[in-house]
Amino acid sequence: MEPVRILDVDGRLLDESPLPAEEIRRLFAAMVTARAFDHKASALQLQGRLATYAQFEGQEAAQIGSAAALRADDWMVATYRDAAAMWMQGFPWENLLLGRMGDERGGSPPQGVNVLPPSITVGAHMIHAVGLGWAERLRGSDRVAITYFGDGATSEGDFHEAMNFAGVYRTPTVFLCQNNGWAISMSRERQTASETIAQKADAYGIPGVLVDGNDVLAVFAVTRDAVGRARRGEGATLIEAQTQRMGAHTTADDAGRYRDEATLAAWKLRDPIDRVRKYLQASGAWSEAWEQELIASASVEIETAANRAEGLAPFGPGAAFDRVFARPSAHIELQRAELLRDLGGEA
Amino acid sequence: MEPVRILDVDGRLLDESPLPAEEIRRLFAAMVTARAFDHKASALQLQGRLATYAQFEGQEAAQIGSAAALRADDWMVATYRDAAAMWMQGFPWENLLLGRMGDERGGSPPQGVNVLPPSITVGAHMIHAVGLGWAERLRGSDRVAITYFGDGATSEGDFHEAMNFAGVYRTPTVFLCQNNGWAISMSRERQTASETIAQKADAYGIPGVLVDGNDVLAVFAVTRDAVGRARRGEGATLIEAQTQRMGAHTTADDAGRYRDEATLAAWKLRDPIDRVRKYLQASGAWSEAWEQELIASASVEIETAANRAEGLAPFGPGAAFDRVFARPSAHIELQRAELLRDLGGEA
Amino acid sequence: MTVMNMANALNDALAVALADDERVVLLGEDIGRTGGVFRVTDGLQTRFGENRVIDTPVAESGIVGAAFGMAIAGLRPVAEIQFLGFSYPAYDQIVSHVGRIRNRSNHRFTAPLVIRIPFGGGIGAAEHHSESSEAMYAHTPGIKVVVPATPSAAKGLLLAAIEDPDPVIFLEPIRVYRAIKEEVPEGRFTIPIGVADIVRTGSDVSVIAYGATVRDALASADTLDADGVSVEVIDLRTLSPLDASTVVASAQKTGRVVAVSEGHRTAGIASELAAIVQEQALYSLLAPVQRVTGWDTVVPLKRTERHHIPGVARIVAAVRRTLED
Amino acid sequence: MTVMNMANALNDALAVALADDERVVLLGEDIGRTGGVFRVTDGLQTRFGENRVIDTPVAESGIVGAAFGMAIAGLRPVAEIQFLGFSYPAYDQIVSHVGRIRNRSNHRFTAPLVIRIPFGGGIGAAEHHSESSEAMYAHTPGIKVVVPATPSAAKGLLLAAIEDPDPVIFLEPIRVYRAIKEEVPEGRFTIPIGVADIVRTGSDVSVIAYGATVRDALASADTLDADGVSVEVIDLRTLSPLDASTVVASAQKTGRVVAVSEGHRTAGIASELAAIVQEQALYSLLAPVQRVTGWDTVVPLKRTERHHIPGVARIVAAVRRTLED
Ligand SMILES: Cc1ncc(C[n+]2csc(CCOP(=O)(O)OP(=O)(O)O)c2C)c(N)n1
Ligand SMILES: Cc1ncc(C[n+]2csc(CCOP(=O)(O)OP(=O)(O)O)c2C)c(N)n1
Ligand SMILES: [Mg+2]
Ligand SMILES: [Mg+2]
């Protein structure tokens, strides 16, 4: 199985571009902005302003290219590493940072943004996307649902059940697997004995597509096709986007324990942003100044978001009791009262 | 994918027999005996002497043919419907009946019989076979483990995790799926959108084999090969034996609600015992008297087993407390004492 | 009013919900073609179609996870798990997702779904078919746990559960399905979740029960009445959130409490009741709260199951113990 | 004797077990190459090889199910689940299989395996990483639940768990891993499972705790000592089977009990302790048993986690309440 590729590492089109130049510039800008966020978030974590953070550097094309193929009202169910995709679909930076600061309000995007809070559990969330899309179809809407997950997540039983339901009911679901080579320290090769993850789709009567995950145009093209099939009622698709995370698993992990420099170096040459820059450069559609400006404004935007997140009025100690049910039950109110009594002043 | 077939419905060999005539007679006798058990057990259930019973009529070749390919000390992890296979591997009729009478001692086969009690949960047991075989390999033994399960079980996440572990660690495991067309009322076609179950093996880097489950010689041949691979350290195999249960899901089910007579009639023509009878008949190796004698002695054997099971000294009311840990803890003893006190006389 | 058993009453409730609210969908194993293992959904697929009453593959985590997604998207799914012992593969979906999306999203996304599950023993069923592990779900935040004891309560509580804005695990006592018949109101009516029911008033001892054991509690009360012992019987109806005030008020009145639960003892529902009563009514207690429960053993099979399930004999013995002290 | 923190002590215990008994194998996610999320298995794969210390795919049900099979075949597997919140996908394997094979086969097959799981909060971790749902496992028959509070207890209890003929869930308090250092005996030694430890004797109030909260209980005892209140502190060490007699004896002595558990309150470990104490020591009680627990809410994230985890302030307040009455 050869991965679909449209833009090679030198920025040359191997095939017709699925997007006009202006759109490609938009995706480039989005990837640059996303990477700026990734760097900023890592910096904030170092300063102790965020708890653990999961970097996605290297996976920008897989996330931005796929999310760009969605309609604004489509559902997205993604993970802790998919900030770029979630942001593309409308989940604000501020919410993403707020969550990382350990504030439940981070999981609450504005109305109209149909993106669930990032899934921290590995595997369980894919079937949620199946249910979301299925519900839309049952009530006659043509909204689709996309779910993002990693190579490691495909080992969980829930991946299997989600794929099987999607196949049996032909739900409008796009399964987007970012195979970034690792599940913490476990290499893709030792995660499963199947040659590719894309081929696992066969087991469910679902088409499987292999794509160069660092080629934003290829990722966009295959996702657009999968979204189209889903919207037309033709069922689900599994996409394996082959990529590599350039950072560690999270800011708490030391990738040096399991990944050699050579692997990293090889992937550096396949950077998802570089090749688009080369492509735009060739057609004079890129300038150093423009990219610097993108980074600068992104940094401001993100710093502002971080400050807003930090400036948010703190929860009262009783806040958690308000989130158990729509209306706190008597027994929950008793517990709140007990906490406030014990805390005395602090309440 | 065409299923492997050696003996056609008219008892003609399509290929060289994997077994000499004497062995084929042995398998025929085993299938006849198993069916006698199945009929007897159903009768006992009607008389109220057994609780619910899951008939396997129609699946004798799949169970006897595969179990015949095992070594006496190999592990077997099967289900509520696999009495024939378990018996072939040494699990006594008496234990099988005792379990159905609602007595935990049924789950305790004689020492040396490496067959776990039948799994009532669907799906969870396959990984146990993976662990058993893996352990044997880690300690340098060449014992293999076979696990039996149905088409419905392949939808459970645990099937996926078991297959994936078997693929990654190349464990000596034989996955024997009896696709009998139904999971209670759910047809195989609606259970999963994949064309065959055998092809699911691809997703795990494991060979998948499709076999006519009503052809005892074909089932024996493919299982012998799979067992051989496992014993030689070449890893696991998934076998899909296509068959049909001729009875209802259990004595509590009414198959008329979901299965039409035509399906049943078509499968009746593919009966696993008939075709072997025809084959033996052709070579003069079968006689009506012999078969009647087999059935008669089987019935006696099974009636005796049933009587022994019924005659077993009943458990005292405190028995369950003895099965919690190797030695009952103080808190378990307190509970036992409480029960005996409350029961007063009965204890 | 028609006389119905609990299975019929539940079927009636589901029919009402499906007819009144197009957001309601049912999904589960064998619920359509066969009407479910206990025939609770009998005839509903024929009447409402395969898109409203959905037969699923054998995959409990998938059933709950898909229903969860449907609920977030605005449907009102009612999932069925065939037996409580088969809800364990869906445990992560229930605990980590169904019970948490409201908290995780600070109310932005919610999952108003119902998971119907037959539970409890008493019919000599096979292994895993007689579980009474409701305490595990009562211990789980963000989920309501409801247990009807009679046909009409089953209908009213199920309709309330389907209307509830939060996820509800609805446990149906297997041995009651066809054992009790009573008049059940026609059409839509609801019984509030979180409110216990004083099914018999008494002055000497309070017996707190739920599900199938309510019947045994009432039978025990009759037996004891003959000896001049006046027993108050409370049907909890909801295990989470628990109606502590009704229980405590009764304890304060009688001073003697017997907590009945078929579930295992350690960290079970009876333990919670004992903890609450001693916490809020210690000085009214004339005797220790007695726990009459299933033991900390695996539920035994048919031959000895009767020794595991709390019946009249053990409830009566426990009541007498509270009077000895 | 060497001074070690709990992570080192556990690593030492595993090294001893691997060296002494070739039946012992470790398996789990990232335990080999990286030595586990908390480095508890650091260096063990290098020392004992990939067949003794096995890195697995991301599949908790598979890890436990495979370890279960290995145990039946005669190995002594020690499985690691990365966090208690990630044991839920393995819930069915644990409850329906690991805890039942002895019962199901009437002792013919047994599963002597250990499942090591970091648990509890206090480090402001991400969602699902601060669970304290030990009550669910304590409620499960056929499984022992062990929780060390100090480095040396961790080593002695883990070695005892590996030797135990029954399955043991071994819960390691995350915030203690590196917080406490103490002298730990060299080589093999065991601490009996099922026996609580009276870590401080006192006469006025008994505080029962386990895991990370033992430290808080001791700190509270110091605070109260200053006010002339003599507190007895008991470390349960084992949640199932629970050492009721030690707890009850202490309650009878002091007449006042505070039960501390980080887990949710409803049907939690503190509820069980309250139920046992009122059952066996009602007439010694001078005040209701106070439950100091995590609330019936999802464990809050970093910003408000401190209000969920019972600390010194709440323990001290609870002790004072028992004295007011
Ligand atoms: C059910 C569950 N098990 C284990 C973990 C711990 N964990 C967090 S991320 C991770 C690896 C996931 O790898 P992959 O799916 O490839 O995603 P990636 O991190 O590479 O983006 C693990 C094991 C978890 N969060 N949830
Ligand atoms: C985990 C679990 N879910 C549901 C059930 C109820 N159940 C018993 S058998 C069965 C169908 C299984 O079908 P299949 O795997 O094809 O085996 P067959 O009965 O056809 O031999 C179901 C759903 C169960 N026993 N365990
Ligand atoms: Mg990965
Ligand atoms: Mg089947």
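Here is the naming used below: chain letters follow the sequence lines, and residue numbers restart at 1 for every chain.
- When heavy atoms are compared at a cutoff of 4.5 Å, D166(C) approaches chain A solely by way of its side chain, counted from C-beta outward.
- Using modelled atom types and a 3.5 Å distance limit, the side chains of E272(C) and H139(C) yield no donor-acceptor pair.
- In this structure, R323(A) pairs ionically with E104(A), as a charged nitrogen and a carboxylate oxygen lie closer than 4.0 Å.
- The pair R143(A)-D74(A) does not meet the salt-bridge criterion, since no charged nitrogen lies less than 4.0 angstrom from a carboxylate oxygen.
- Here D322(A) is the residue among D322(A), N164(A), T171(A), V77(A) with the most heavy-atom pairs under 4.5 Å with chain C.
- A salt bridge links D142(A) and R71(A); the closest N-O separation between the charged side-chain nitrogens and carboxylate oxygens is under 4.0 Å.
- The greatest number of non-hydrogen atom pairs below 4.5 Å with chain A, out of I72(C), I101(C), D92(C), V25(C), is found for I72(C).
- With a 4.5 Å cut-off on non-hydrogen atoms, P109(A) touches chain C through its backbone and its side chain both.
- Counting heavy-atom pairs closer than 4.5 Å to chain C, the top residue among E136(A), H331(A), H160(A) is H331(A).
- Highest contact tally toward chain A, considering only E22(C), R100(C), H97(C), K144(C), is held by H97(C) [criterion: heavy-atom pairs under 4.5 Å].
- Because its NZ or CZ atom is not both nearer than 6.0 Å to the ring centre of Y148(A) and within 45° of the ring axis, R81(A) does not count as a cation-pi partner of that residue.
- With hydrogens and angles left out, the side-chain atoms of S119(A) and Y80(A) include no donor and acceptor closer than 3.5 Å.
- For a residue to count as touching a neighbouring chain, one of its non-hydrogen atoms must lie under 4.5 Å from one of that chain's; by this rule L116(A) touches chain C with backbone and side chain alike.
- Donor-acceptor pairing under 3.5 Å is recorded for the side chains of E232(C) and S250(C).
- Options G106(A), G157(A), A326(A) differ in how many heavy-atom pairs under 4.5 Å they form with chain C, and the most are formed by A326(A).
- Of the atoms belonging to R139(A), it is side-chain heavy atoms, and not backbone ones, that fall under 4.5 Å from chain C.
- Residues of residues 53-71 of chain C having a heavy atom under 4.5 Å from any heavy atom of chain A, listed by number: I54(C), D55(C), T56(C), P57(C), A59(C), E60(C), S61(C), G62(C), I63(C), G65(C), A66(C), F68(C), G69(C), M70(C).
- Taking the six-membered ring where tryptophan is involved, the planes of F56(A) and F37(A) are essentially parallel, since the angle between them stays under 30° and well short of 60°.
- Of the atoms belonging to A162(A), not a single heavy atom falls under 4.5 Å from chain C.
- For the residue pair D151(A) / Q178(A), no side-chain donor-acceptor distance below 3.5 Å is found, with atom types taken as modelled.
- In terms of non-hydrogen atom pairs under 4.5 Å with chain A, the most contact-rich of N106(C), N103(C), I276(C), I143(C) is N103(C).
- A donor-acceptor pair shorter than 3.5 Å can be found between the side chains of D158(A) and Q93(C).
- Contacts of F165(A) with chain C are made by side-chain atoms alone, with heavy-atom separations under 4.5 Å and no backbone atom involved.
- Residue E234(A) qualifies as enclosed at atom CD: its count of foreign heavy atoms under 6.0 Å is above 12.
- Classification of R237(C) and D243(C) as a salt-bridged pair fails, no side-chain N sitting under 4.0 Å from a carboxylate O.
- Proximity to chain A is limited to the side chain of P165(C), based on heavy atoms less than 4.5 angstrom apart.
- Among the candidates T154(A), V130(A), I206(A), I127(A), the single residue satisfying the side-chain contact (heavy atoms from CB on, under 4.5 Å) test with M163(A) is I206(A).
- For A330(A), no part lies under 4.5 angstrom from a heavy atom of chain C.
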